[in-house]
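Read the structure below first, then the notes.
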Amino acid sequence: QVQLVESGGGFVQAGASLRLSCAASGGTFSAYAMGWFRQAPGKERNLISTINYSGRSTYYDDSVKGRFTISRDNAKNTMYLQMNSLKPEDTATYYCAAATGYGFTSSPGAYNTWGQGTQVTVSS
């Protein structure tokens, strides 16, 4: 069974950049669709980006399109989220997730394995 651990969150000023990492262990990382979700206080957890098993196909929610870049390194069993031009509204707990039954999906319900989350706080 795959296990996921996020890192890279922090406290930054608006306009700054952060790179989140998601390290996977167990399972077959290179076969899974992977995604990033975020949850702001008092709000639902939302899917913001996905990447297919090979890294060649990606999806972005409109809220992050053009600012965030998802990538993966299957040799390192790691997924990344490069976040540029951060805004206060990006403040949330960020979760990586795997859809172990899919090579690529942007359906939130398909994601069945989760990391513990990493906090990103963007001040104005």
Side-chain angles (χ1 to χ4, degrees):
Q1 184 175 353
V2 62
Q3 294 183 321
L4 305 173
V5 178
E6 303 96 333
S7 61
F11 184 100
V12 296
Q13 300 280 345
S17 298
L18 281 173
R19 189 175 81 155
L20 305 183
S21 298
C22 173
S25 59
T28 309
F29 176 78
S30 60
Y32 307 146
M34 297 292 296
W36 288 98
F37 291 70
R38 68 183 180 187
Q39 186 169 21
K43 296 189 177 182
E44 295 182 348
R45 186 179 301 187
N46 291 322
L47 177 64
I48 57 171
S49 185
T50 66
I51 189 165
N52 81 324
Y53 70 97
S54 69
R56 293 174 181 168
S57 297
T58 59
Y59 158 84
Y60 297 96
D61 183 77
D62 286 345
S63 63
V64 304
K65 194 175 296 182
R67 300 187 298 124
F68 291 10
T69 302
I70 192 171
S71 62
R72 65 192 296 163
D73 185 339
N74 286 344
K76 296 182 178 180
N77 286 350
T78 303
M79 177 179 66
Y80 305 97
L81 186 68
Q82 177 67 42
M83 306 187 296
N84 298 330
S85 303
L86 283 162
K87 305 175 182 180
E89 52 264 43
D90 293 319
T91 295
T93 301
Y94 284 70
Y95 298 89
C96 71
T100 59
Y102 297 85
F104 186 43
T105 179
S106 297
S107 174
Y111 288 82
N112 58 357
T113 303
W114 299 86
Q116 83 288 351
T118 186
Q119 179 66 36
V120 172
T121 303
V122 185
S123 70
S124 57

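Residue numbers start at 1 and run along the sequence shown.
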Other than Phe11, what residues sit in its cluster of Ile, Leu, Val, Met, Phe, Trp and Tyr side chains whose heavy atoms are under 4.5 Å apart, directly or through others? none
Decide whether Thr100 and Asn112 meet the rule of one side-chain donor and one side-chain acceptor closer than 3.5 Å. yes
Does the side chain of Gln39 come under 3.5 Å of the side chain of Thr93 through a donor N or O and an acceptor N or O? no
Look only at the side chain of Asn46 and the backbone of Asp61, and say whether a donor-acceptor pair between them is shorter than 3.5 Å. no
Which label fits Trp114 and Tyr95: parallel for a plane angle under 30°, tilted from 30 to 60°, or perpendicular past 60°? perpendicular
Basic-acidic side-chain contact under 4.0 Å: Lys65, Asp62: yes
Shortest non-hydrogen contact from Leu4 toward Ala24: CD2-CB, 3.7 Å
Is it true that the side chains of Asn84 and Gln82 contain a donor and an acceptor less than 3.5 Å apart? yes
Mind checking whether Thr69 and Leu81 have side chains closer than 4.5 Å, heavy atoms only? no
Could you tell me whether the side chain of Val122 reaches within less than 4.5 Å of the side chain of Gln13, counting heavy atoms only? no
Quick one: pull up NZ in Lys43 and CZ in Arg38 and give me the separation to the nearest 0.5 Å. 9.0 Å
For residues 29-37, tabulate all N or O donor-acceptor pairs below 3.5 Å that involve a side-chain atom, not counting sequence neighbours.
from, atom 1, to, atom 2, distance (Å)
Tyr32, OH, Thr28, N, 3.0
Trp36, NE1, Tyr80, O, 3.3

Phe104 atom CZ, over 12 foreign heavy atoms within 6.0 Å: yes
Hydrophobic clusters here meaning ILVMFWY residues chained together by side-chain heavy-atom distances under 4.5 Å, can you tell me if Ile48 and Tyr59 are in one? no
Does either side chain, that of Ser106 or that of Thr50, offer a donor lying less than 3.5 Å from an acceptor on the other one? yes
At their closest point, which heavy atom of Ala98 faces which heavy atom of Val2, and how far apart are they? CB-CG1, 4.5 Å
When you measure from the side chain of Asn52 to the backbone N and O of Gly55, does any donor-acceptor pair fall under 3.5 Å? yes
Sub-3.5 Å donor-acceptor pair from the side chain of Arg67 to the main-chain atoms of Ser85, do we have one? yes
Under the side chain to side chain contact (heavy atoms under 4.5 Å, CB included) test, which residues partner Ser107, sequence neighbours left out? Thr105, Ala110
Could you please spell out the steps behind the side chain to side chain contact (heavy atoms under 4.5 Å, CB included) verdict for Val5 and Gln116? CA-CA 7 Å; Val5 178; Gln116 83 288 351; 4.1 Å; yes
